[in-house]
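Report on the following structure.
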Amino acid sequence: AIYPLRGFMHLAHNYKTLAGPILSSAIKASVLSLLAIVPLVKYGFGPQSRLLSKLYLELRPQDGAQWFFGPGTALTATILTFVESFAIMGKLGDHYVGSVRDRFFDAILDEHNALPKKKDDEKKPQPSQQDLVKAHTFLSPINIMTLYAQSEDTWKLFILKPLLFLATLPLNLIPVVGPAAFVGIQGLTRGGQTHKRYFDLYNWTAPRRQRQIEQAFWQYHQFGVVATILEMIPFAGFVFSYTNHIGAAMWVMDL
């Protein structure tokens, strides 16, 4: 859970060597953040706040929803707005600056002389008896995390990505518990992506990736939750999306 923060500290202490590539992409990211957040705050926050007040008043008319009006409604509407901007910025960031994150991950491996050699990189894994792994139900936490750790976007993941986000988005309408549950579920997807770059570099088979996820499920989930919270912070979230990759690489070097 501390590795996302360690990644940020590593960037702060090695700013001159690591921050160069981040500068241009960070500028793009800041512009994209403005384009995503300003319209949401201006046109989405107010209506969502009023809708939440009416919704809770309908559900709990006996107590008048006094405790939920004011700060409670504003906080929930703010979280919902952040989540919506997080989704938009995530897509835009993947399109414009996604490759930079892998370069940061590779830079940490290079510091430890842990990048694969060309011969190792070209080797194709051979099937073996160890490739037999336990089957999990499609929507089980381990299976969701495992799908996000695989080398290619399968049709299952193609369907799961938007459906999982849309299905869990309404959780943010529930005060306190809802946003926590949403972040916890997003932590599964983010946790699965933690060492995907490393698995790809070393041509790990799908069963081997699954075994790694099964063995360190809770550690990956904790990393994913912390990384998700950091990446949801407006503007700074883009920087954390880079430093989280640095932290993931530092973690894999400690394994």
Side-chain angles (χ1 to χ4, degrees), residues 1-37 82 85-86 89-121 145 148-149 151 183 186-204 209 212-213 215-216 218-255:
I2 65 172
Y3 279 98
L5 300 177
R6 284 188 60 184
F8 178 79
M9 296 303 297
H10 187 81
L11 176 64
H13 283 93
N14 298 273
Y15 179 81
K16 292 182 178 180
T17 57
L18 290 175
I22 203 176
L23 186 59
S24 61
S25 58
I27 294 173
K28 294 178 183 177
S30 298
V31 174
L32 293 174
S33 296
L34 285 171
L35 294 176
I37 293 175
F82 279 1
S85 62
F86 165 71
M89 289 187 297
K91 291 298 182 183
L92 293 174
D94 289 341
H95 179 72
Y96 286 103
V97 296
S99 63
V100 179
R101 299 165 187 164
D102 289 340
R103 287 162 56 191
F104 277 112
F105 192 100
D106 295 352
I108 301 301
L109 297 188
D110 191 38
E111 288 179 3
H112 295 79
N113 295 317
L115 283 173
K117 307 300 181 183
K118 282 190 174 181
K119 292 182 179 179
D120 294 334
D121 190 43
M145 189 178 289
Y148 276 82
S151 59
V183 170
Q186 293 302 310
L188 295 174
T189 66
R190 188 64 185 82
Q193 296 171 334
T194 302
H195 288 152
K196 181 179 180 295
R197 175 63 177 173
Y198 182 82
F199 300 157
D200 289 345
L201 286 172
Y202 281 89
N203 292 319
W204 279 33
R209 297 178 195 223
Q212 175 63 21
I213 294 297
Q215 292 170 4
W218 290 112
Q219 292 93 320
Y220 280 119
H221 188 239
Q222 290 169 11
F223 183 100
V225 168
V226 175
T228 298
I229 293 173
L230 293 175
E231 291 178 17
M232 286 178 65
I233 301 174
F235 307 110
F238 273 106
V239 176
F240 283 120
S241 71
Y242 299 125
T243 59
N244 286 339
H245 273 63
I246 295 174
M250 295 173 67
W251 179 16
V252 82
M253 289 296 93
D254 289 342
L255 291 177

Could you tell me which non-hydrogen atom of N244 sits nearest to which non-hydrogen atom of R190, and how far apart they are? CB-NH2, 3.5 Å

A227 and P4 have their tightest heavy-atom pair at N-CG, 4.3 Å

Roughly how far, to the nearest 0.5 Å, is the NE2 atom of H13 from the CZ atom of R6? 12.0 Å

Set out, in order, the CA-CA distance, both residues' side-chain angles and the distance that settles side chain to side chain contact (heavy atoms under 4.5 Å, CB included) for L109 and R197, then state yes or no. CA-CA 11 Å; L109 297 188; R197 175 63 177 173; 6.0 Å; no

Run T228 and T189 through side chain to side chain contact (heavy atoms under 4.5 Å, CB included) and show every step you take. CA-CA 9 Å; T228 298; T189 66; 5.8 Å; no

For residues R101 and S241, report the shortest heavy-atom separation together with the two atoms involved. NE-OG, 3.5 Å

Candidate list T243, T194, D254, test side-chain hydrogen bond (donor to acceptor under 3.5 Å, both in side chains), partner Y3, passing option: D254

What pair of heavy atoms forms the shortest contact from Y148 to K196, and how long is it? O-CD, 3.5 Å

Euclidean distance, N203 CG relative to D200 CG, rounded to 0.5 Å: 8.0 Å

Between atom CG of L255 and atom CD of Q219, what is the distance when rounded to the nearest 0.5 Å? 9.0 Å

Working to the nearest 0.5 angstrom, can you tell me the gap between F105 CZ and L115 CG? 9.5 Å

Does R209 use its side chain to pair, donor to acceptor, with the backbone of A149 at less than 3.5 Å? yes

Just wondering, are more than 12 heavy atoms of other shown residues or ligands nearer than 6.0 Å to OH in Y198? yes

Taking every heavy atom of G191 against every heavy atom of M145, the minimum-distance pair comes out as C-CG, 4.0 Å

Go through the steps to decide whether V239 and I233 satisfy the test side chain to side chain contact (heavy atoms under 4.5 Å, CB included), and finish with yes or no. CA-CA 10 Å; V239 176; I233 301 174; over 6 Å; no

Would you find a donor on one side and an acceptor on the other, under 3.5 Å apart, between the side chain of N14 and the backbone of H10? yes

Out of curiosity, R103 CZ to I108 CD1, how far, rounded to the nearest 0.5 Å? 13.5 Å

From NE2 (H245) to CG (L11), nearest 0.5 Å: 14.0 Å

Parallel, tilted or perpendicular: which one describes the rings of F199 and W204, with boundaries at 30° and 60°? parallel

Mutual orientation of the aromatic rings belonging to H195 and W251 [parallel < 30°, tilted 30-60°, perpendicular > 60°]: tilted

